Q: 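Below you'll find the structure I mean.
Chain identifiers are assigned alphabetically (A, B, ...) following the order of the sequence lines, protein sequences preceding nucleic acid strands; residue numbering begins at 1 within each chain. None of the values given here were measured: they were computed from a predicted structure.
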Number of protein chains: 2
Amino acid sequence: MPSSTVENYLKHILLLSEGAQDLVSMGELAAALAVVPGTATTMIKALAREGYVAHQPRQGVSLTPSGRTVALSVLRKHRLVETFLVNVLKMDWASVHAEAEQLEHAISDEVLDRLDALLGYPATDPHGDPIPSRKGKLNFQVYASLATCALKQPLRIVRITEQTAEFLQFADQNNLLPGSTLSVTGRNLTAGLATIKTAGTRAQALSITAAGKILVEPLRR
Amino acid sequence: MPSSTVENYLKHILLLSEGAQDLVSMGELAAALAVVPGTATTMIKALAREGYVAHQPRQGVSLTPSGRTVALSVLRKHRLVETFLVNVLKMDWASVHAEAEQLEHAISDEVLDRLDALLGYPATDPHGDPIPSRKGKLNFQVYASLATCALKQPLRIVRITEQTAEFLQFADQNNLLPGSTLSVTGRNLTAGLATIKTAGTRAQALSITAAGKILVEPLRR
DNA sequence: CGCGCTATTTTGAGTAGTCAAAATAATTTA
DNA sequence: TAAATTATTTTGACTACTCAAAATAGCGCG
């Protein structure tokens with residue numbers, strides 16, 4: 001049984017390699033886990049010995065099938081717990097990430113399955129992040145963001161790819177939630193700003209960085 | 001913030017001193033925690049340094065007010081989680097103890113309060129064990145057991161003081177749940193047996209040891 | 001090509017928790 | 001009261017994880 005430390009390493013490797021399928025560097029991994037790089041190197045060598053990861057010295061690390069299985073299971077727990085906290089316990093959107101961070105290591109598969117049923121087998125968590133299936137399938141889909149999508153198109157927000165409470169609070173207050181509709185009226189790359197317009201409100205500006213964290217799909221029909 | 005190891009030590013000291021208000025010996029504590037006695041001694045000395053317990057060398061250990069506060073909080077989490085698992089997730093009576101053992105260290109006060117509200121502020125968990133209040137009050141009540149109560153009286157089961165899955169399964173199968181009514185028809189101390197009679201069934205025998213773990217109150221009105 | 005920058009790895013050391021086994025204290029028994 | 005039994009404490013060692021700081025490797029650039 002992997003320790004919560006091991007689970008965290010594997011989960012973060014999975015998150016950091018989402019989309020970009022190449023190796024995760026010790027630098028990013030250490031930063032994500034809030035440890036010094038030397039610690040990450042040491043730990044990764046241990047994880048490689050136990051068959052969870054493949055380590056290319058000085059290049060980076062990737063998950064083995066066994067490591068990926070563990071990582072997906074932890075991610076599934078995390079996202080289902082978040083969904084439970086928001087949908088059932090009515091907790092604040094912005095604060096559930098930290099809670100789930102603890103609970104994901106303490107919850108059994110048995111409890112998780114029942115939670116899943118209670119929630120009606122959701123496909124995504126409250127932030128729009130896809131929930132891996134019980135069998136470990138992660139429905140990964142490439143979406144445009146407010147920083148990259150076409151201008152003046154009607155859009156629906158599908159996902160917020162940032163878990164910090166501050167950003168989520170900001171999104172909440174500006175009605176930038178999964179499901180909300182809006183369009184990007186303009187973009188100024190030099191100034192690093194995007195202008196958006198949501199249904200009931202007037203136009204507002206958003207940094208390109210922030211806009212890049214809000215994923216959207218074109219509104220059809 | 002105490003580690004889960006520390007929380008476990010404190011919780012078990014509280015449980016072992018419930019009722020008997022004197023010191024908990026290293027032997028019982030070590031057995032309850034599944035560590036060797038030497039480990040318990042070492043750990044208790046550390047906990048004493050941090051002000052959680054008072055250690056009388058070669059006598060035993062007791063909780064300080066600060067240690068008791070932590071222990072009660074953990075116990076509250078444990079019992080509320082058990083109640084949630086049984087009442088909401090409809091999990092098996094006998095298996096929730098092990099689950100709660102993990103979750104009690106991962107759940108925040110915020111989540112706990114909402115769980116408490118969702119459950120309707122229960123006073124006891126599914127086994128009849130009292131749930132400490134948010135302010136740390138443990139409604140401790142002395143009950144007779146099937147080993148000590150008067151014979152041929154109508155009784156109601158109020159609590160099962162044993163958490164092992166085997167015993168709980170046994171109790172479940174014989175309809176010996178909190179709320180069930182029955183009476184003790186006879187007792188043979190020499191043979192170590194008690195005979196009980198529940199409403200719809202015929203008389204059955206029970207070891208005195210088992211009987212002592214089933215607490216009852218006289219059925220009034 | 002070689003110099004310097006940056007990321008990575010190594011080294012040495014520390015904390016938390018554990019066990020096995022030896023030493024010690026207390027209590028029971030004879 | 002002395003010996004024997006039992007419980008507790010101490011000692012030395014080990015695992016898992018971490019950091020600080022020194023060593024090293026791989027670059028890019030002049």
Q: Distance check needed: dT8(C) C1' versus K45(A) NZ, whole Å only.
A: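 To the nearest whole Å, that distance equals 11 Å.
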Q: Between atom CG in L47(B) and atom P in dG17(C), what is the gap in whole Å?
A: 8 Å
Q: Has the side chain of R134(A) got a donor or acceptor atom that lies under 3.5 Å from a matching backbone atom of D113(A)?
A: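 It does not hold such a pair.
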Q: Nearest of dT10(D), dT18(C), dT9(C) to any side-chain atom of P37(A)?
A: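 The answer is dT9(C), which lies nearest to the side chain.
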Q: Hey, what are the protein-to-nucleotides 15-17 of chain D N/O distances that come in under 3.5 Å?
A:
residue : atom : partner : partner atom : Å
dC17(D) : OP1  : S3(A)   : OG           : 2.5

Q: Nearest-Å distance, CD1 (I44(B)) to P (dG17(C))?
A: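 Interatomic distance, CD1 of I44(B) to P of dG17(C): 12 Å.
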Q: Determine the sole option in T161(A), T148(A), V216(A), V158(A) for which the side-chain contact (heavy atoms from CB on, under 4.5 Å) test with Y143(A) is passed.
A: V158(A)
Q: If I take atom CG in residue L23(B) and atom C1' in nucleotide dA7(D), what distance separates them, rounded to the nearest angstrom?
A: 15 Å
Q: May I ask you to check whether N8(B) and H105(B) show a side-chain donor-acceptor distance below 3.5 Å?
A: yes
Q: If you check the V35(B) side chain, which of dT10(C), dT18(C), dT18(D) turns out closest?
A: dT18(C)
Q: Can you tell me how far apart NE2 (H97(B)) and OG1 (T164(B)) are? Round to the nearest 0.5 Å.
A: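 Going from the NE2 atom of H97(B) to the OG1 atom of T164(B) covers 9.0 Å.
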Q: Could you state the atom-to-atom distance from CG of L33(B) to P of dT8(D) in whole Å?
A: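 Whole-Å distance recorded here is 14 Å.
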Q: Considering only nitrogen or oxygen atoms on both sides, find all protein atoms under 3.5 Å from nucleotides 25-27 of chain D and state each distance.
A:
residue : atom : partner : partner atom : Å
dA25(D) : O4'  : R58(A)  : NH1          : 2.3

Q: In terms of side-chain heavy atoms of H55(A), which of dT8(C), dT9(D), dT9(C) is nearest?
A: dT9(C)
Q: Looking at I131(A) and L138(A), what are the two nearest heavy atoms and their distance?
A: C-CD1, 4.5 Å
Q: Please work out if G38(B) contacts a base, only the sugar-phosphate, or nothing of the nucleic acid, heavy-atom cut-off 4.0 Å.
A: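 The residue G38(B) makes base contact.
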Q: Enter the distance from E162(B):CD to I214(B):CD1 here, rounded to the nearest 0.5 Å.
A: 10.0 Å
Q: Tell me: CG of L29(B) to C1' of dT18(C), nearest whole Å?
A: 14 Å
Q: So, E18(B) and R159(B), do they make that salt bridge, N to O below 4.0 Å?
A: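 Looking at R159(B) together with E18(B), the answer is yes, because their closest N to O distance falls below 4.0 Å.
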